[in-house]
Asker: 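Can you keep this structure in mind? I'll have questions shortly.
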Amino acid sequence: VSSVSFFRLRLMPGFSTFFPALLAVRLLAAAYSNISDCDETFNYWEPLHYVLHGKGLQTWEYSPAFALRSYAYIELHALVGRLVVLFSPDKVVTFYAVRAALATLCAGSEAYLLSSLATSRWASLGGRLPALAFGLLAGSCGLFISSAAFLPSSFAMCTSTLAFACWFKGKYPLAVGFVALGALLAWPFVAALGIPLVLDIVFVQRKIFPLIGWALCALVAILGPILLVDTAFYGKLVVAPLNILMYNVFSSNTSSQLYGTEPWHFYLLNGVLNFNIAFPAALLSLFCVLLARTKRDWPFFALYLSPLYIWMAIFTLQPHKEERFLFPVYPLVCVAAAVAFEYCLRFLQYLTRRQSLTNAALLCGGVVFLGLSVSRGMILFRGYHAPLEVYAGFGSSQPAGGSVQNVCVGKEWYRFPSNFFLPAGYKFQFIKSEFAGQLPFPYASENGTSVVPSNFNNMNQEEHDRYIPVQECDFIVDIDTPRTTPHEPRYSQQGWTKVACAKFLDSAATPRHLRSFYVPLKFEREAVLEDYCVLRKPQSG
């Protein structure tokens, strides 16, 4: 019997084996990941700030006239916020505590998924499969970005991961419940990931009537509280999951052109950036299963992997594409890639009959994957973390004499990390830039969630009452680049003083490969970094 190498060690299948390491990695994400989508700030952090502190910015989706978003989802996170406020009044602490809670949920769901790989039909592929999946989950940049994000797609990622794990273990009622939780509380479209589960229950398990019962129980248990919370906030009966589904699928006023379109290969490129070699492997996993068919469970393996292909097909066909739309299948990408790698390693072992070569291939693949993941994470932090650093500086000082000072943004409006970074005495304001779409507007001071504002539209048309004159700004947060336009001047050359700055990657002036991955020395030589600054208004007189 040959000696047991590291690469053939079987991880213990328990939840506790995987959770501590995953939690450590996810908490790092909570501390250091960027806010990569302005939707996260304005549709989730700002309503949460309003719920906790009585002020914040409202988007048109939260107007009672449209009511596309659920305050039940916000209230779930507010539970964490209220607990934190009991111990610290610092709003930045609340911000990171909520992130830490999201990271913990993500780590728990991933650990449960990994335990299912070791104790379900997947176990027939051997103990190396959960080890491979663990390495991919812990090391992927995609999970680093999504795990602590305050987005419905991230929450749906956790519920879908739990649903997959329960499905693999044969816990069908729980699997149906988690699919329903993600679809009703977070994002209705995630129900599409449950299609293979339903096919399994109906045609393989032949439990159609139990399925109906499980679905009805989940609907009552989950939708009931959501209706109560949203009715209380909106002041009328609101079914937010139905509203967003109707708007995106059936409304004649909806157009993907409103928020931009991307080419068909957008998600392929995005997947390679976030998972590097694991993403093409994941897309080939079904082919590996069908080609090998060495295990009697291979039809189930194909069914278990099919949600990834369903999701990719649905969203690739949509003209409007965003990175966050793929979040719900990110853990499944890692599982699928682990399956593909396992089959490839088995095939290599069969060809060479030498375990040492298989070990070497695994080691090389791991080094490449981890190296590219770290490189991607480094460029995201070094190149784009400046807004969180700069806005955090406001917490160290407050306006004198109880005055209110305006903190303004123009072209950098979409990188505002939320009012959690502005202490009392500072007021966030917009100034005119070249952006000509609809911006958020402050909640009404009384009954802000139930009052119907007259200045919102659902066609992304610019509303000019969002802006104040530059002369009324006490501070401007902007990136100091030499490129200017009539509405986007270089304020540092107009008398505004830099009071706090951090370096930010100038994407337009930096080569593409250095915008995507950090390359030591080459990045320092060729990347163009500009000052991302808080600027104080010129002194009068």
Side-chain angles (χ1 to χ4, degrees), residues 15 70 72-73 76 108-109 112-113 115-124 152-153 155-231 237-246 248-250 286 289-290 295-314 328-329 331-332 335-336:
F15 174 92
S70 173
Y73 177 70
L76 186 65
S109 65
Y112 190 59
L113 177 66
S115 70
S116 75
L117 297 182
T119 56
S120 64
R121 284 189 173 91
W122 289 115
S124 65
S153 52
F155 185 80
M157 178 182 74
C158 296
T159 58
S160 298
T161 300
L162 290 169
F164 293 143
C166 292
W167 181 22
F168 298 163
K169 287 174 174 281
K171 298 180 179 180
Y172 292 102
L174 284 175
V176 171
F178 281 120
V179 170
L181 180 62
L184 294 172
L185 184 59
W187 203 23
F189 307 102
V190 81
L193 292 175
I195 293 174
L197 169 64
V198 171
L199 294 177
D200 182 13
I201 294 172
V202 173
F203 296 105
V204 180
Q205 308 302 324
R206 300 187 182 278
K207 295 182 178 180
I208 184 169
F209 291 111
L211 170 63
I212 294 172
W214 301 333
L216 289 176
C217 287
L219 183 67
V220 173
I222 298 169
L223 188 59
I226 292 174
L227 293 179
L228 290 175
V229 172
D230 285 337
T231 299
L237 180 62
V238 165
V239 187
L242 180 61
N243 289 349
I244 194 170
L245 191 65
M246 294 295 291
N248 282 280
V249 178
F250 301 108
L286 183 59
V289 169
L290 296 177
K295 300 291 182 180
R296 61 182 177 83
D297 289 328
W298 73 264
F300 288 97
F301 296 164
L303 190 63
Y304 292 158
L305 295 173
S306 63
L308 172 61
Y309 298 91
I310 292 173
W311 196 257
M312 287 293 297
I314 290 173
V329 293
L332 191 58
V335 171

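Below, all heavy atoms of this structure are taken into account, side chains as well, without hydrogens, waters or symmetry copies. Quick caveat: nothing in here was measured; it's all calculated off a predicted structure.
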Asker: Sequence neighbours left out, what passes side chain to side chain donor-acceptor pair (under 3.5 Å) with S70? Give chain and number order.
Answerer: D230
Asker: State, to 0.1 Å, how close I244 and P241 come at their nearest heavy-atom pair, and which atoms those are.
Answerer: CG2-O, 3.3 Å
Asker: Do the non-hydrogen side-chain atoms of L113 and S116 ever get within less than 4.5 Å of each other?
Answerer: yes
Asker: Is F155 close to L76 at the side-chain level, that is, under 4.5 Å between some pair of heavy atoms?
Answerer: yes
Asker: I need the R121 CZ to W298 CH2 distance, nearest 0.5 Å.
Answerer: 13.5 Å
Asker: Return the minimal non-hydrogen interatomic distance between C166 and L174, and the atom names on each side.
Answerer: SG-CB, 3.7 Å
Asker: Quick one: does any side-chain atom of T231 pair with a main-chain N or O of L228 as donor and acceptor, under 3.5 Å?
Answerer: no
Asker: So which heavy atom on L227 is nearest to which on V238, and how close?
Answerer: CD2-O, 3.3 Å
Asker: Can you measure from CG (L332) to OH (Y309) and round to the nearest 0.5 angstrom?
Answerer: 9.0 Å
Asker: Indicate the atoms forming the closest heavy-atom contact of T161 with P331, along with that distance.
Answerer: OG1-CG, 3.1 Å
Asker: Run F164 and Y304 through ring-ring contact (aromatic ring centres under 6.0 Å, His included) and show every step you take.
Answerer: CA-CA 8 Å; F164 293 143; Y304 292 158; 9.4 Å; no
Asker: CG/L117 to NZ/K169 distance, rounded to the nearest 0.5 angstrom?
Answerer: 9.5 Å
Asker: Determine whether a donor-acceptor pair (N or O, by modelled atom type, separation under 3.5 Å) exists between the side chain of S160 and the backbone of M157.
Answerer: no
Asker: Under 3.5 Å, side-chain donor or acceptor atoms of residues 177-202 against the rest of the protein: list the pairs with distances, not counting sequence neighbours.
Answerer:
residue: D200; atom: OD1; partner: Q205; partner atom: NE2; Å: 3.2
residue: D200; atom: OD2; partner: W167; partner atom: NE1; Å: 2.8
residue: D200; atom: OD2; partner: Y172; partner atom: OH; Å: 3.0

Asker: So do F300 and V204 actually touch side chain to side chain, heavy atoms under 4.5 Å?
Answerer: yes
Asker: Of the options S153, P307, P152, which is the one that meets P328 in a side-chain contact (heavy atoms from CB on, under 4.5 Å)?
Answerer: S153
Asker: Could you tell me whether I208 atom CD1 has more than 12 heavy atoms of other residues or ligands within 6.0 Å of it?
Answerer: no
Asker: Does the side chain of S115 reach to within under 4.5 Å of the side chain of F168, using non-hydrogen atoms?
Answerer: no
